[in-house]
2 protein chains.
Amino acid sequence: MNIGEAARRSGVSAKTIRYYESIGLIPAAGRTNAGYRAYTANEVETLRFVQRARSLGFSVDDVAGLLGLWRDRSRASADVKAIALNHVAAIERKIAELDSIRRTLIDLTNRCCGDDHPDCPILETLAQTDR
Amino acid sequence: MNIGEAARRSGVSAKTIRYYESIGLIPAAGRTNAGYRAYTANEVETLRFVQRARSLGFSVDDVAGLLGLWRDRSRASADVKAIALNHVAAIERKIAELDSIRRTLIDLTNRCCGDDHPDCPILETLAQTDR
DNA sequence: ACTTGGGCTTCCAGTCGCTGGAAGGTCAAG
DNA sequence: CTTGACCTTCCAGCGACTGGAAGCCCAAGT
């Protein structure tokens, strides 16, 4: 199967598949006589795995780790869980940061009447000289 | 005042100040005879404004808009509020996305016993062939 | 007078994870 | 035999910096 078909079946764009190959996330695909990449159903499964992991926000590095564990029949599930829990922790930190920003902005926008006058607590806060 | 001092007072690194100048976010600073950038207290205030806006997650483009409105005495606070509300909406979308991922991962990690056995619902989910 | 150490300058490259586009080869159908 | 849809490689750019090299400037200490 050509790269376009593999892309359609895996949900990873052809461009991105080539990129993943170039950085070594997935092994280089075989080639036809004409030099076209040829994919097996198995390789498409790997791409789907990568796609799902990426869509859960795992970094490409994490995905490499997860792929390695996936292929390792003698893995310890604890290793997988550790990667996932680290990721959850990072997500929770990010959410907390965004929520703090969100609350600040909501407060500022509530206090800004938002009409055609120049007075604006948002700008005043950003411009605050004291600290 | 030299760039290092301006960096210390504004909380924006010297490197980043030069970068902001290079992309036109802030006007080019004056120069001493030796070619060193020279900053006034006013310019440091501008840098602090930028720093605060960036720390609230506004994009550099948004900051350019906010700076323009800040300098415009005849601005309408509605324009400022619009930028802020757009940003809040983007943050809320991001939080919702992260939270959905978080819930999925929490569920998966709860179901993974995390011991030295290979069985792992996390990998099984990522590898799912159906759908 | 000279050295030392810090600060300043520019410019290029790298980060992360792609994505777009140019230039050109291949293939199947009409 | 042409069209158009595929495929190939390679280079460049996104956002927002950050690191590092190479070289100039300046103030303080000996």
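Chain letters run A, B, ... following the sequence lines, proteins first, then strands; residues in each count from 1.
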Distance, rounded to the nearest Å, where A:R8 contributes CZ and D:dA5 contributes C1' = 11 Å
request  = Return the value, rounded to whole Å, for the distance between atom CD of B:E21 and atom C1' of D:dA16.
outcome  = 16 Å
inquiry  = Between P on C:dG6 and CG on B:N2, what's the gap in Å once rounded to a whole number?
reply    = 16 Å
task = Check every atom of C:dC8, D:dT18, C:dT26 against the side chain of A:A34 and return the nucleotide holding the closest atom.
result = C:dT26
request  = Indicate yes or no for a side-chain donor-acceptor contact from B:T109 to the backbone of B:L105 under 3.5 Å, with no hydrogens or angles considered.
outcome  = yes
message = Without decimals, in angstroms, what is the distance between A:I23 CD1 and C:dC18 P?
response = 8 Å
note = Heavy-atom nearest nucleotide on DNA chain D taken for B:T32 and for B:D61; more 5' hit belongs to B:D61
task = Return the value, rounded to whole Å, for the distance between atom CD1 of B:I17 and atom P of C:dT9.
result = 10 Å
task = May I ask you to decide whether A:R103 forms a salt bridge with A:D107, counting only side-chain N to carboxylate O separations under 4.0 Å?
result = no
message = Assess whether a salt bridge exists between B:E97 and B:R93, defined as any Lys/Arg side-chain N lying under 4.0 Å from an Asp/Glu carboxylate O.
response = no
query = What is the nucleic acid contact for A:Y20, judged by heavy atoms within less than 4.0 Å: base, sugar-phosphate only, or nothing?
reply = sugar-phosphate
query = A:T16 side chain N/O closer than 4.0 Å to the phosphate oxygens (OP1, OP2) of C:dG17?
reply = no
query = What is the distance from OH of B:Y36 to C1' of D:dC24, rounded to the nearest Å?
reply = 7 Å
Short side-chain N/O contact from A:S13 to OP1 or OP2 of C:dC18, under 4.0 Å = no
key: Nearest-angstrom distance from the residue atom CZ of A:R31 to C1' of D:dT8   = 8 Å
inquiry  = I'd like to know if B:K15 reaches the base of D:dG20 with its side chain such that a donor and an acceptor end up less than 3.5 angstrom apart.
reply    = yes
ask   = Is the backbone N or O of B:G4 less than 3.5 Å from a side-chain atom of B:N2, with the two atoms forming a donor-acceptor pair by type?
value = no
ask   = Between D:dA12 atom P and A:R18 atom CZ, what is the distance in whole Å?
value = 19 Å
query = When you check the gap from the basic side-chain N to the acidic O, do B:R18 and B:E21 get nearer than 4.0 Å?
reply = no
task = Let me know, please, whether B:A38 or A:N33 comes out on the 5' side of the other along DNA chain C by nearest nucleotide.
result = B:A38
query = From the list C:dG17, D:dT8, D:dA16, which nucleotide is the closest neighbour of the side chain of B:R54?
reply = D:dA16
